[in-house]
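The structure appears right after this line, and notes come after that.
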Amino acid sequence: GNVTVSNSGDLTFATTASNVAGSLTATATNSGSINNTAAIAVTGNASFETTTAEEDINLNSLTVGGTLSVTTDALANTGNATIVSGNAINLGTSRVRGNLSITAGGPITNSSTLAVTGTSAFSTTTAPNGITLTNVTLGGAASFNTVSATSQADVSVTSTSTVTLG
């Protein structure tokens, strides 16, 4: 079933793998960041949100079957997000008020708006997985990396603002 987790302070998925057969909504409030030390697997959509300035989302082993939405502090221009997945990532509505780094073992796409105030880094780690982003606003320098020794992978970005490569 679906799972909703909210914590006043840091929210850490720790010790053993977290498996959700449905959707996951995770919110850290009152000076809380979101982290994991064990794998998180979600068959449906996943949403991670911090609500306080200067709090980050760091998920280093994440698998999401549906869309992934990431929001750092809806009010201030702070809060970074780092996402690492061995699989594809399809971003849902996401707003990162700091820097965003996404590394995926499959394609990186989005199905809704993506806004990043700081720098952005998008990387795929297996061939021939590309990066296709539409309806994005990237405030800082953006980098795109598709790793492939034997085939080419495309990068396509449709932005609502100027994209500065960095």
Side-chain angles (χ1 to χ4, degrees), residues 3-14 18 20 23-42 44-125 131-145 155 157 159-161 163-166:
V3 175
T4 299
V5 179
S6 181
N7 193 53
S8 179
D10 290 340
L11 177 57
T12 301
F13 294 86
S18 299
V20 177
S23 295
L24 170 64
T25 301
T27 306
T29 63
N30 296 328
S31 298
S33 61
I34 300 175
N35 303 285
N36 70 320
T37 57
I40 301 172
V42 181
N45 299 328
S47 173
F48 298 91
E49 179 180 9
T50 59
T51 63
T52 308
E54 299 180 13
E55 296 301 336
D56 300 331
I57 298 172
N58 294 301
L59 301 172
N60 60 25
S61 182
L62 176 66
T63 301
V64 178
T67 60
L68 168 65
S69 297
V70 181
T71 302
T72 60
D73 186 26
L75 301 176
N77 288 330
T78 58
N80 304 313
T82 301
I83 308 295
V84 177
S85 176
N87 298 302
I89 292 179
N90 178 13
L91 294 167
T93 302
S94 297
R95 181 169 193 97
V96 176
R97 296 289 191 150
N99 302 324
L100 172 64
S101 174
I102 295 180
T103 304
I108 299 173
T109 59
N110 70 315
S111 56
S112 192
T113 58
L114 168 63
V116 181
T117 303
T119 62
S120 304
F122 302 92
S123 299
T124 59
T125 59
I131 300 167
T132 304
L133 301 172
T134 59
N135 198 19
V136 299
T137 303
L138 304 176
S143 64
F144 305 92
N145 184 28
V155 174
V157 178
S159 178
T160 57
S161 64
V163 175
T164 302
L165 298 177

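- Under the side-chain contact (heavy atoms from CB on, under 4.5 Å) criterion, N30 pairs with S8, not counting sequence neighbours.
- Closest non-hydrogen pair, L91 versus I102, comes out as CD1-CD1, 3.7 Å.
- Remark: the backbone N or O of S47 is not paired with any side-chain donor or acceptor of S69 at under 3.5 angstrom.
- Across G166 and A141, no two heavy atoms sit closer than the pair CA-CB, 3.9 Å.
- Between T109 and L133 the shortest side-chain heavy-atom distance does not fall below 4.5 Å.
- Looking at residues two or more places apart in sequence or on another chain, you find no side chain to side chain donor-acceptor pair (under 3.5 Å) involving D56.
- When every heavy atom of S85 is checked against every heavy atom of A88, the shortest pair comes out as OG-O, 4.3 Å.
- Between the side chains of S112 and T93, at least one donor N or O sits under 3.5 Å from an acceptor N or O.
- T160 and T137 form a side-chain donor-acceptor contact under 3.5 Å, judged by distance and modelled atom types alone.
- For the atom pair CG of N145 and OG1 of T103, the computed distance is 9.0 Å after rounding to the nearest 0.5 Å.
- Side-chain contact of N99 with T119: a donor-acceptor pair under 3.5 Å is present, judged by distance alone.
- A distance of 5.5 Å separates CG of L100 from OG of S120, quoted to the nearest 0.5 Å.
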Yes or no on side chain to side chain donor-acceptor pair (under 3.5 Å) for T52 and S31, after CA distance, side-chain angles and deciding distance?
CA-CA 5 Å; T52 308; S31 298; 4.8 Å; no
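- For the atom pair E55 CD and I34 CD1, the distance stands at 10.0 Å (nearest 0.5 Å).
- Between T71 and V96, every side-chain heavy-atom pair lies at or beyond the 4.5 Å cut-off.
- Between I83 and the choices N58, N60, L62, the side chain to side chain contact (heavy atoms under 4.5 Å, CB included) rule is met once, by L62.
- With rounding to the nearest 0.5 Å, the separation of CG in L11 from CG in N36 is 10.0 Å.
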Let's go through S23 and N45 carefully: what are the C-alpha distance in whole Å and the side-chain angles of both, what is the deciding distance for side chain to side chain donor-acceptor pair (under 3.5 Å) to 0.1 Å, and is it a yes or a no?
CA-CA 5 Å; S23 295; N45 299 328; 4.6 Å; no
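- Remark: T37 OG1 to F13 CZ distance equals 10.5 Å, nearest 0.5 Å.
- In this structure, N90 contributes its side chain and S111 its backbone to a donor-acceptor pair below 3.5 Å.
- Smallest separation of non-hydrogen atoms from T50 and T72: OG1-CA, 3.3 Å.
- Smallest separation of non-hydrogen atoms from S161 and L138: OG-N, 3.6 Å.
- Every residue meeting the ring-ring contact (aromatic ring centres under 6.0 Å, His included) condition with F122, not counting sequence neighbours, appears here in chain and number order: F144.
- One N or O on the side chain of S159 and one on the backbone of V136 form a donor-acceptor pair closer than 3.5 Å.
- Residues N35 and S33 have side chains that bring a donor and an acceptor to within less than 3.5 angstrom of each other.
- In this structure, CD1 on I108 lies 5.5 Å from CD1 on I89, to the nearest 0.5 angstrom.
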